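In what follows, a single structure is set out as structure tokens and then discussed.
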Amino acid sequence: MDRQMTPVCPFVKAARPDDAQSARKHGGEHEAEGGKDSGDSATISPKCPFGYDSQSFKLGPLSCMICQALLFESIRCLPCSHVYCKACISRFKDCPLCGADIEKIEADANLQGVVDRFIEGHARIKRSHVDTNNGEVASDNKKVIYEDVSMERGAFLVQQAMRALRAQNIESAKSRLSICAEDIRDQLESKGNMPELCSQLGAVLGMLGDCCRAVGDAAGAIKYFEESVEFLTKLPTDDLEITHTLSVSLNKIGDLKYYDGDLQAARSYYFRSLGVRRDAVKNRSDVHSQILDVAVSLAKVADVDRSLGNENVAVDGFQEAINMLGSLTLKSEEASLEQRRLSVLEFLKNQLTGKQSEPAP
């Protein structure tokens with residue numbers, strides 16, 4: 001089975017896995033930069049006047065109390081007048097906040113308009129620089145340099161999308177991720193194919209693919225995954241997070257092709273993913289999770305080979321994966337990895353003993 005990874009904010013390097021942790025790291029960078037003062041100029045971090053930012057968790061008048069993200073398709077319950085996302089409240093007969101019977105619901109276009117305008121302006125607000133020591137506004141002759149707020153804005157949008165995803169509010173997540181993707185595309189158009197921007201866009205597009213897959217939109221999912229692969233293949237292969245995301249996107253396309261009955265296309269994508277993972281192991285053979293990933297890819301390719309009637313080739317692939325995992329020695333602190341190794345190993349051995357009870361992991 002492919003390692004299931006909690007969606008991680010692509011705007012924070014090596015963050016795992018909750019958005020609060022990624023926010024702390026991201027916020028620290030902004031605070032460090034915000035404190036620089038050359039005497040002639042000052043760099044200040046953008047601050048949301050409502051308190052919504054990527055460094056903290058906040059629920060307020062623009063939040064849905066169910067998914068805990070910003071409101072999407074705002075619905076007002078009657079008679080209590082509490083407001084939620086349409087997708088969130090549709091699962092309830094009583095108001096989650098006050099317990100009142102929901103007699104009727106109606107769209108709150110005015111409030112949703114406020115939320116939409118807030119998102120459009122978030123992290124783009126500029127103010128006069130205030131000296132934190134005495135509370136005075138900086139003099140007019142002191143140049144104020146507003147740092148690039150695209151990272152802060154991107155982290156905020158992904159944070160909101162993650163919360164919506166956790167609550168199964170897929171359309172809300174897609175909306176926030178789509179805005180984020182467009183922001184990054186604008187950056188790419190003005191700055192060129194910078195590795196960091198390509199990495200961010202590749203990750204966000206992959207998350208959009210997951211959203212489509214969650215609602216059964218295979219064609220939409222494939223479109224986003226393929227675009228994600230396009231951007232990630234432009235990047236150096238020495239970053240483990242990038243290579244993992246790339247290989248997973250390829251496998252997800254392969255899975256969708258497999259379940260659609262296009263076995264040749266599925267094998268092609270699985271084989272590409274295997275190549276990416278083999279290269280990663282060559283560069284970092286000390287990372288045991290990478291070796292497990294190679295074994296999973298070998299199993300996927302072998303499973304398709306068997307379905308295509310290439311039994312000898314399939315057996316060779318299963319056996320190579322078994323040998324790889326059999327020789328893998330994990331440390332005591334890698335208990336979760338050991339559990340995964342044993343699970344994959346059991347699956348592989350079942351394929352060679354005829355106990356084929358499930359599709360390739």
Side-chain angles (χ1 to χ4, degrees), residues 1-5 202 205-206 208-210 212-230 232-233 237 240 242-282 288-328 337 339-361:
M1 62 202 87
D2 255 325
R3 178 159 54 104
Q4 296 298 316
M5 300 178 69
L205 290 170
L208 279 165
D210 287 332
C212 290
R213 191 167 65 162
V215 296
D217 181 8
I222 288 175
K223 172 180 172 292
Y224 281 122
F225 288 139
E226 286 183 335
E227 197 172 359
S228 171
V229 167
E230 177 187 346
L232 292 173
T233 50
T237 58
L240 294 182
I242 290 173
T243 56
H244 178 82
T245 303
L246 172 59
S247 66
V248 168
S249 290
L250 288 166
N251 272 345
K252 286 177 177 177
I253 300 172
D255 290 342
L256 291 166
K257 296 291 185 181
Y258 184 96
Y259 291 119
D260 194 42
D262 191 348
L263 297 183
Q264 291 289 357
R267 190 188 189 283
S268 174
Y269 283 104
Y270 288 153
F271 192 75
R272 285 177 64 188
S273 177
L274 175 60
V276 170
R277 292 177 170 184
R278 284 192 190 279
D279 290 342
V281 168
K282 288 177 184 176
H288 296 153
S289 61
Q290 299 287 327
I291 297 173
L292 269 166
D293 284 346
V294 171
V296 168
S297 283
L298 283 167
K300 284 181 173 289
V301 173
D303 181 65
V304 177
D305 282 332
R306 171 171 281 169
S307 298
L308 290 170
N310 302 322
E311 182 63 21
N312 291 337
V313 177
V315 169
D316 289 343
F318 287 130
Q319 191 60 59
E320 182 183 353
I322 289 173
N323 295 340
M324 182 176 291
L325 294 183
S327 62
L328 180 61
L337 211 56
Q339 186 176 4
R340 179 171 175 249
R341 183 187 77 88
L342 293 174
S343 175
V344 175
L345 194 55
E346 180 183 8
F347 170 84
L348 292 166
K349 289 179 177 178
N350 286 342
Q351 303 311 299
L352 296 185
T353 57
K355 299 176 183 177
Q356 194 171 349
S357 58
E358 57 181 312

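Since this is a predicted model, take the numbers as computed values, not measurements. One is the number of the first residue; the rest follow in order along the sequence.
Remark: Glu230 pairs with no residue by the salt bridge (Lys or Arg N to Asp or Glu O under 4.0 Å) rule, at least two apart or across chains. A search for salt bridge (Lys or Arg N to Asp or Glu O under 4.0 Å) contacts involving Glu320 returns Arg278, not counting sequence neighbours. Considering only residues two or more places apart in sequence or on other chains, Arg272 meets the salt bridge (Lys or Arg N to Asp or Glu O under 4.0 Å) condition with none of them.
A perpendicular orientation is assigned to the rings of Phe347 and Phe318, their planes being inclined by more than 60° (bins at 30° and 60°).
The shortest distance between side-chain heavy atoms of Lys349 and Leu325 does not fall below 4.5 Å. For the pair Leu250/Phe225, no side-chain contact is recorded, criterion being any heavy-atom separation below 4.5 Å from C-beta on. A 4.5 Å side-chain heavy-atom check between Lys282 and Asp279 finds at least one atom pair inside the cut-off. With a 4.5 Å cut-off on side-chain heavy atoms, Ile222 and Lys257 count as touching. With contacts defined as side-chain heavy-atom distances shorter than 4.5 Å, the pair Asp210/Lys252 qualifies. Under the 4.5 Å side-chain criterion, counting only non-hydrogen atoms from C-beta, Arg277 is in contact with Asn251.
Taking all atoms of both residues into account, the shortest heavy-atom contact from Gly254 to Ala266 is O-CB, 3.4 Å. Contact record, Val281 with Ile291: CG2-N, 4.0 Å, taken as the closest heavy-atom pair. Smallest separation of non-hydrogen atoms from Leu292 and Arg341: CD2-CA, 3.6 Å. Minimum interatomic distance between Gly209 and Ala221 (heavy atoms only, all atoms of both residues): O-CB, 3.4 Å.
Under a 3.5 Å cut-off, the side chain of Ser228 and the backbone N or O of Tyr224 do not form any donor-acceptor pair. Between the side chain of Ser247 and the backbone N or O of Thr243, at least one donor-acceptor pair lies under 3.5 Å. In this structure, the side chain of Asn310 does not engage the main chain of Val313 through any donor-acceptor pair within 3.5 Å. Listed for the Arg306 side chain is a donor-acceptor partner under 3.5 Å among the backbone atoms of Gln351. Using a distance-only test at 3.5 Å, with no hydrogens or angles considered, no donor-acceptor pair links the side chain of Ser273 to the main chain of Tyr269.
In this model, no donor atom of one side chain and acceptor atom of the other lie less than 3.5 Å apart for Glu346 and Asn350. There is a side-chain donor-acceptor pair under 3.5 Å between Asp303 and Tyr258.
Counting heavy atoms of neighbouring residues, nucleotides and ligands inside a 6.0 Å radius, atom CD of Glu311 exceeds 12 of them.
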*Could you walk me through whether Val304 and Leu308 pass the side-chain contact (heavy atoms from CB on, under 4.5 Å) check?*
CA-CA 6 Å; Val304 177; Leu308 290 170; 3.8 Å; yes
*asked:* Between Arg267 and Val301, does the side-chain contact (heavy atoms from CB on, under 4.5 Å) criterion hold? Intermediate values first, please.
replied: CA-CA 6 Å; Arg267 190 188 189 283; Val301 173; 3.7 Å; yes
